[in-house]
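Every value quoted in this text rests on a predicted model; they were computed, and no experiment measured them.
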Amino acid sequence: MENTLAKGTVRNFGVTENYINRFLQQKLKTTDVNLNQLNYKFISDLEMFLVNYYPKAMSHNTVMKHLQRLRKIVNLAYQLEWMDKDPFLRWKPTFEQKQREFLSQNELNNLESYHFPIDRLDRVRDLFVFSCYTGISYSDIMGLTKTNLIIGIEGNSWIATKRLKTKTSVRVPLLDPAKKILDKYEEHPVTEHSGTLLPKITNEKTNLYLKEIADAVGIKKNLTFHMARHTFATTVTLSNGVPIETVSKLLGHTKLATTQIYARVLDKKISEDMQELRSKLEFSNTQKVR
């Protein structure tokens with residue numbers, strides 16, 4: 001599967017495999033079991049092992065992701081007729097709804113305008129802000145080159161790329177803040193050397209420097225790069241009247257339900273929409289009276 005999955009996904013499968021090996025050794029006192037021994041009890045016992053894992057208990061959603069990965073491999077074995085029945089037949093994953101953090105418009109403005117005297121922080125801020133205005137993920141930004149720049153149907157610059165995670169094609173019109181960041185690095189030594197549109201930096205260092213950036217700007221939230229996609233979905237697009245179907249397309253999602261995790265309707269937008277509805281109803285009632 002290494003040739004068909006993203007590196008991060010393959011790494012996650014490896015993590016799940018390690019936990020399953022520990023479960024076999026610590027709970028079943030073995031290093032291997034036959035496929036025909038897999039049943040609903042095996043799954044339930046594994047789930048409880050992960051829930052109560054020592055020294056660090058896992059969240060419910062993390063446990064579900066590990067079981068989903070096991071299910072994918074077991075399903076492959078079932079389809080290949082290596083086992084007579086699917087032990088996951090009656091198992092249904094459940095996920096707890098979590099409120100994902102995003103930057104407010106004021107926080108985003110402060111982040112954009114803040115002057116960083118240190119180059120590494122300035123570059124990471126630019127990468128984060130670029131993602132806030134395009135919705136493009138860290139891994140996809142790292143791979144952007146001049147070949148990804150196209151001219152859209154209205155004559156403006158667009159980014160055309162394919163998501164590394166899902167292989168889904170994404171085409172995003174460039175808003176002015178994102179275009180300015182690309183212009184800043186067009187002939188910059190770091191991008192001239194890497195051949196990319198923006199500076200390349202490891203994911204670990206990026207998220208580490210984002211903590212410094214948050215402290216400097218006064219952002220109290222746990223700033224991670226993935227928060228930029230949530231900011232794009234909620235603050236930049238949905239709150240400004242962009243339909244969720246369009247937001248879903250821009251994010252490269254294949255299901256609208258996935259986008260709904262990212263994009264939340266803010267009280268401000270609800271207030272504006274209801275005020276518009278109120279005005280329409282008042283106008284309609286006035287017409288009836290006449």
At what distance, to the nearest 0.5 angstrom, does [atom1] of [X] lie from [atom2] of [Y]?
X      : Y      : atom1 : atom2 : value
Asn148 : Thr145 : CG    : OG1   : 4.5 Å
Glu17  : Leu70  : CD    : CG    : 10.5 Å
Arg229 : Ser131 : CZ    : OG    : 7.0 Å
Arg120 : Lys205 : CZ    : NZ    : 9.5 Å
Leu238 : Thr246 : CG    : OG1   : 10.5 Å
Ser239 : Phe102 : OG    : CZ    : 7.0 Å

Classify the ring geometry of Tyr53 against Phe49: parallel below 30°, tilted from 30° to 60°, perpendicular beyond 60°.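 Tyr53 and Phe49: perpendicular rings.
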Going by the angle between their ring planes, with limits at 30° and 60°, are Phe116 and Tyr114 parallel, tilted or perpendicular?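 It falls in the tilted class, 30° to 60°.
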Same hydrophobic cluster for [X] and [Y], using side-chain heavy-atom links shorter than 4.5 Å among ILVMFWY?
X      : Y      : result
Met48  : Leu67  : yes
Leu76  : Leu46  : yes
Leu38  : Ile73  : no
Val190 : Ile181 : yes
Ile43  : Met58  : yes

Tell me whether the count of non-hydrogen atoms from other residues, nucleotides or ligands lying under 6.0 Å of [atom1] in [X] goes above 12.
X      : atom1 : result
Glu81  : CD    : no
Trp82  : CH2   : no
Ile153 : CD1   : no
Asn52  : CG    : yes
Lys167 : NZ    : yes

Check: [Y] main-chain N/O paired with [X] side-chain donor or acceptor under 3.5 Å:
X      : Y      : value
Asn109 : Gln105 : yes
Asp140 : Leu164 : yes
Asn34  : Asn36  : no
Arg125 : Leu111 : yes
Lys162 : Val170 : no
His188 : Pro199 : no
Thr237 : Ala233 : yes

Determine whether [X] and [Y] make a side-chain contact, defined as any pair of heavy atoms from C-beta on separated by less than 4.5 Å.
X      : Y      : answer
Tyr185 : Asp126 : yes
Arg69  : Val15  : no
Thr94  : His60  : yes
Leu197 : Lys146 : yes
Lys27  : Asp45  : no
Leu149 : Leu174 : yes

List the atom of [X], the atom of [Y], and the distance in Å for their closest heavy-atom pair.
X      : Y      : result
Leu103 : Thr231 : N-OG1, 3.0 Å
Leu198 : Ile141 : CD1-CG2, 3.7 Å
Thr202 : Thr206 : O-OG1, 2.8 Å
Trp158 : Asn156 : CD1-O, 3.2 Å
Glu101 : Met227 : O-CG, 3.2 Å
Ser104 : Glu107 : N-OE1, 2.9 Å

Run Met142 and Leu127 through side-chain contact (heavy atoms from CB on, under 4.5 Å) and show every step you take. CA-CA 9 Å; Met142 289 297 101; Leu127 292 172; 4.0 Å; yes
Using the rule given for salt bridge (Lys or Arg N to Asp or Glu O under 4.0 Å), can you reason through Lys184 versus Asp122, listing the C-alpha separation, both sets of side-chain angles and the distance that settles it, and then say yes or no? CA-CA 12 Å; Lys184 176 179 177 179; Asp122 186 58; 2.8 Å; yes
Report yes or no: is the cationic atom of Lys179 (NZ for Lys, CZ for Arg) under 6.0 Å from the centre of the six-membered ring of Tyr133, at an angle within 45° of the ring normal? no
Arg22 to Tyr19, cation-pi by 6.0 Å centre distance and 45° axis angle: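 So Arg22 does make the cation-pi contact.
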Taking the six-membered ring for Trp, are Phe23 and Phe42 ring centroids under 6.0 Å apart?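 Close enough - the centres of the two rings lie under 6.0 Å apart.
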Do the side-chain N and O atoms of [X] and [Y] include a donor-acceptor pair separated by under 3.5 angstrom?
X      : Y      : answer
His66  : Thr16  : yes
Tyr138 : Asn207 : no
Tyr54  : Gln26  : no

What's the verdict on side-chain contact (heavy atoms from CB on, under 4.5 Å) for Leu250 and Phe232, showing C-alpha distance, side-chain angles and the deciding distance? CA-CA 10 Å; Leu250 291 170; Phe232 173 76; 3.8 Å; yes
Short N-O contact, Lys249 and Glu245, less than 4.0 angstrom: no
Dump the intermediate steps for side-chain contact (heavy atoms from CB on, under 4.5 Å) on Ile150 and Arg171, then the final yes or no. CA-CA 9 Å; Ile150 64 170; Arg171 297 162 71 89; 3.5 Å; yes
Just one of Thr191, Leu182, Thr196, Ile159 clears the side-chain contact (heavy atoms from CB on, under 4.5 Å) bar with Leu144, so which one? Ile159
Candidate pair Gln68 and Arg71, rule side chain to side chain donor-acceptor pair (under 3.5 Å), full reasoning: CA-CA 5 Å; Gln68 279 189 327; Arg71 182 183 194 177; over 6 Å; no
